[in-house]
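The structure appears right after this line, and notes come after that.
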Amino acid sequence: MAITLNYYPKKVKRFSTGLGQDVGSLRSMIDMLQVFVVGSSIQRKAKAKMSWQFGDEPELKNSILNKLSTEPVLLTTDDLASEYPKKTGKPAVWKIRSVLPAIMDGQSIAKNEDESIPTDPSGNVFKTPMRAWPIRNFISSAIGLGLLNWNRINGNISLTRLGKQLAEAKHLVSEELTSDELTLLQLAFMSYPYAVAFLRSLENNKDGLNKFQLGETFGFAGEAGFTSFGEELYVGALTEAYESGDSFRIKKIKSNWESTSDKYIRGIASMLSKLKLISIIPQPFSYKNPKTGKNSHFSLTAYKLTGYGRENLGIALGRSKHKRTTKIITWDMLCTKGNVVYIRTIRALILMELDNSNGLTAGQIANKINANKVNKMPIFEGTTISGEEVSDHIKGLNGIGIQIDTSSSNKYVLKDPLQDFEIPITASQLPKKDNVQRQQDELRPLLAHVDHRYLQLVELALDSSQNSEYSMLESMTMELLLTYLDFDGASLGGANKPDGIAWDSDGNFLIVDTKAYDNGYSLAGNTDKVARYIDDVRARDSNRTSTWWTQVPESLNVDDNLSFMYVSGSFTGNYRKLLKDLRARTNARGGLTTVEKLLLTSEVYLTNNKYGHTQLLRDWTNDAIEHDEYYDQLVANI
DNA sequence: TCGGATGAAATGCGACAACC
DNA sequence: TGGTTGTCGCATTTCATCCG
């Protein structure tokens, strides 16, 4: 499924992705990408500047330098953009405490707090570093453009494949783009919904549109976070100022009368024009000149589609022979201000329902959302969605560049393929979600290599009604071990036999006991059984009732290399003492493994080459049994 | 103007009190 | 008494215009 609901146990770093207010220079954007390329010229420049400009935090500096030379380069927003706080009325601090300020210049000459001018080691004055906020906007836009990845769990930012291509393309130092860069960036922008929306608005306007006209339909128009001054107000005030000949007021209006949406549009326009997709033209407005009494005119900047723009729009919209581009949507783009979790969730669910259908009416979408399991979440606070609300949201989604058409039967149809994205929900927002789904949602984003059907283990481990001699929990657990974790062995089941046995080419032998209990598995009364199995395989006595041990290769040293493992959803009772007794009694390593731990260790095993059977068996038989005792460490290794 | 810059509002977060 | 909720003050994030 393209859109998934993921549950996060812990707080995740907040970072608003998709749009950027202050992004103008594409050269800075590309330079930023090169920071992620070990040994690139930009990296060398960054390191050189960090050597004298970095604040007095050697550990922080070394940590960043280390990350810069470790492939793949992974940096958090703090590593990339944090700054020393600015004091009101004083110049921004020129000392840096992150990497991007080292290569991204601000607009003014660096000043000390007392307004004196510092010099660099060569004795020259230098530009003050770009502030953290504009830098964050660059990162945010690069994520929206599919050039950078942002990992919500650990906050790491890394290059995408396209980002790497662009970072390694032929470069210039000036703002001018090489043809390689132009090609790659045009491709990126045609997957960037805002840019497509922008071009689409211009398509049928031969005379071009100014930022206010574009603002009427741009983004979630009119919402907080997408405010526009509006053409009427702006042009009206400017006409008045011109007619009264008030040049101070003219200047004031021109430089200050701009709101969020207007700013976004100017930024996107600036980039699209550098990509040759639009041209910038003057749009005249007439007024009566106060001195001459004749009609005169002033101009606003307007934007017009170029031939390249029309061509690329055709690619984005899948016209003629082209296939529609996949549009990049992030959860964070779906609302920026106010009750964001609620609104983003609703909008994401609308997209999800449309993505899963060939067309739905507003009422049908509302019904589906109201019936959705996540509707039990407190973030919905028991409210229900109406068809009218759905229609409003869809209008906004069209505004950010996702094309949702209305069919003749009043059905909404999603035209764009969407890149996979997630609806992230954190623990505090979901206190009462039932255990199974909650834990599955929590694990899902962590499991990149383990097949997600094994998430069923979570459900099976808690459902004691499923217990039988040949339980699903047992067979799935053994299937995981034998199919994915490179063990040989068998799923046995039945009386007087272990649930499962496994061994590997290193000579390790493992007895697996699984049991499903909704309230946790207690070892009390369940240790004798496993002790007997251990004795069985060591004794190899053919007179015993069960001779399951004949399946175990005789080459294995079951006296020294035998381990046992209990698998369940959770464990209760005084299991530490019972486990210790059992280990001593059998002289074997052994432990209790929750299905969560089983899945996480499996993921680590499949992810990390250095984590083999030795580490796997150690983790299955150690004393880290409760969630808090293993979770952080395992997740850190994924 | 372009390409960011900025003070302040909005929001999050830890700690500790208060309240079932 | 224990677990949840309220709140106070500080920290971080994001706005909404501002500006050299």
Side-chain angles (χ1 to χ4, degrees), chain A residues 10-29 31-32 76-78 81-94 97-98 100-101 104-111 127-141 155 175 210-212 215 219-220 222-230 233-234 237-238 248 250-274 280-283 298-303 332-333 335-342 378 426-429 431-432:
Chain A
K10 292 187 167 179
K11 281 154 280 175
V12 285
K13 272 271 175 189
R14 248 179 332 151
F15 185 55
S16 192
T17 60
L19 269 176
Q21 280 197 328
D22 307 318
V23 181
S25 164
L26 285 168
R27 179 57 55 211
S28 294
M29 174 84 81
D31 284 353
M32 174 176 79
T76 65
T77 50
D78 281 349
S82 74
E83 65 181 2
Y84 290 107
K86 177 186 182 300
K87 289 179 188 157
T88 303
K90 301 281 184 191
V93 183
W94 61 264
R97 62 191 312 260
S98 54
L100 288 180
M104 293 166 88
D105 285 341
Q107 294 180 321
S108 51
I109 299 297
K111 283 182 184 165
K127 286 270 183 71
T128 199
M130 195 188 287
R131 299 292 308 279
W133 173 243
I135 292 178
R136 289 178 72 100
N137 281 304
F138 271 91
I139 301 171
S140 164
S141 294
E175 187 64 25
N210 62 43
K211 64 180 178 185
F212 303 111
F220 298 105
E223 269 179 40
F226 279 96
T227 52
S228 170
F229 244 98
L233 188 62
Y234 184 91
L238 202 53
F248 181 78
I250 291 170
K251 194 176 171 210
K252 182 94 177 163
I253 292 171
K254 281 191 166 179
S255 66
N256 292 356
W257 286 34
E258 177 173 65
S259 202
T260 320
S261 242
D262 313 329
K263 181 77 174 87
Y264 284 140
I265 288 165
R266 202 156 56 80
I268 292 174
S270 153
M271 292 189 282
L272 290 176
S273 118
K274 284 169 188 168
I280 292 174
I281 53 165
Q283 190 182 48
F298 61 89
S299 296
L300 257 59
T301 302
Y303 311 104
D332 316 80
M333 281 163 71
C335 175
T336 61
K337 219 182 164 185
N339 195 358
V340 293
V341 175
Y342 173 79
T426 52
S428 58
Q429 289 151 352
K432 294 189 174 69

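Just so we're on the same page: letters track the sequence lines, and every chain starts at 1. These numbers come from a predicted model, not from an experiment.
Looking at residues two or more places apart in sequence or on another chain, you find a side chain to side chain contact (heavy atoms under 4.5 Å, CB included) between A:S261 and A:F218, A:F226, A:S228. A search for side chain to side chain contact (heavy atoms under 4.5 Å, CB included) contacts involving A:A92 returns A:K86, A:R131, not counting sequence neighbours. Legend: residues meeting side chain to side chain contact (heavy atoms under 4.5 Å, CB included) with A:S273, ordered by chain and number and at least two apart, are A:I278, A:I280. For A:K254, the side-chain hydrogen bond (donor to acceptor under 3.5 Å, both in side chains) partners at least two apart in sequence or on another chain are A:Y242. Partners of A:S259 according to the side-chain hydrogen bond (donor to acceptor under 3.5 Å, both in side chains) rule, which considers only residues two or more places apart in sequence or in another chain, are A:T227. With sequence neighbours left out, the side chain to side chain contact (heavy atoms under 4.5 Å, CB included) criterion links A:E258 to A:K211, A:D262, A:K263, A:R266.
Contact check for A:L272 versus A:Y303: no side-chain heavy atoms found under the 4.5 Å cut-off.
A:E83 places its CD atom 10 Å from the P atom of B:dA5, with the value rounded to the nearest Å.
The stretch residues 260-269 of chain A touches DNA chain B through A:K263, A:R266, each having a heavy atom under 4.0 angstrom from the strand. The stretch residues 131-138 of chain A touches DNA chain B through A:R131, A:W133, A:P134, A:F138, each having a heavy atom under 4.0 angstrom from the strand.
Remark: A:K86 is not in phosphate contact with B:dA8, judged by side-chain N or O atoms under 4.0 Å from OP1 or OP2.
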Quick test: give all pairs of protein nitrogen or oxygen and nucleotides 9-11 of chain B nitrogen or oxygen below 3.5 Å, distance rounded to 0.1 Å.
| unit_1 | atom_1 | unit_2 | atom_2 | d |
| --- | --- | --- | --- | --- |
| B:dT11 | OP1 | A:G338 | N | 3.4 |

Solution key, residues 16-25 of chain A side-chain donor-acceptor pairs under 3.5 Å, sequence neighbours excluded:
| unit_1 | atom_1 | unit_2 | atom_2 | d |
| --- | --- | --- | --- | --- |
| A:T17 | OG1 | A:T330 | OG1 | 2.8 |
| A:T17 | OG1 | A:D332 | OD1 | 3.1 |
| A:Q21 | OE1 | A:W133 | NE1 | 3.2 |
| A:D22 | OD2 | A:W133 | NE1 | 3.4 |
| A:D22 | OD2 | A:N137 | ND2 | 3.4 |
| A:S25 | OG | A:R27 | N | 3.3 |
| A:S25 | OG | A:S28 | N | 3.0 |
| A:S25 | OG | A:S28 | OG | 3.2 |
| A:S25 | OG | A:E175 | OE1 | 2.8 |

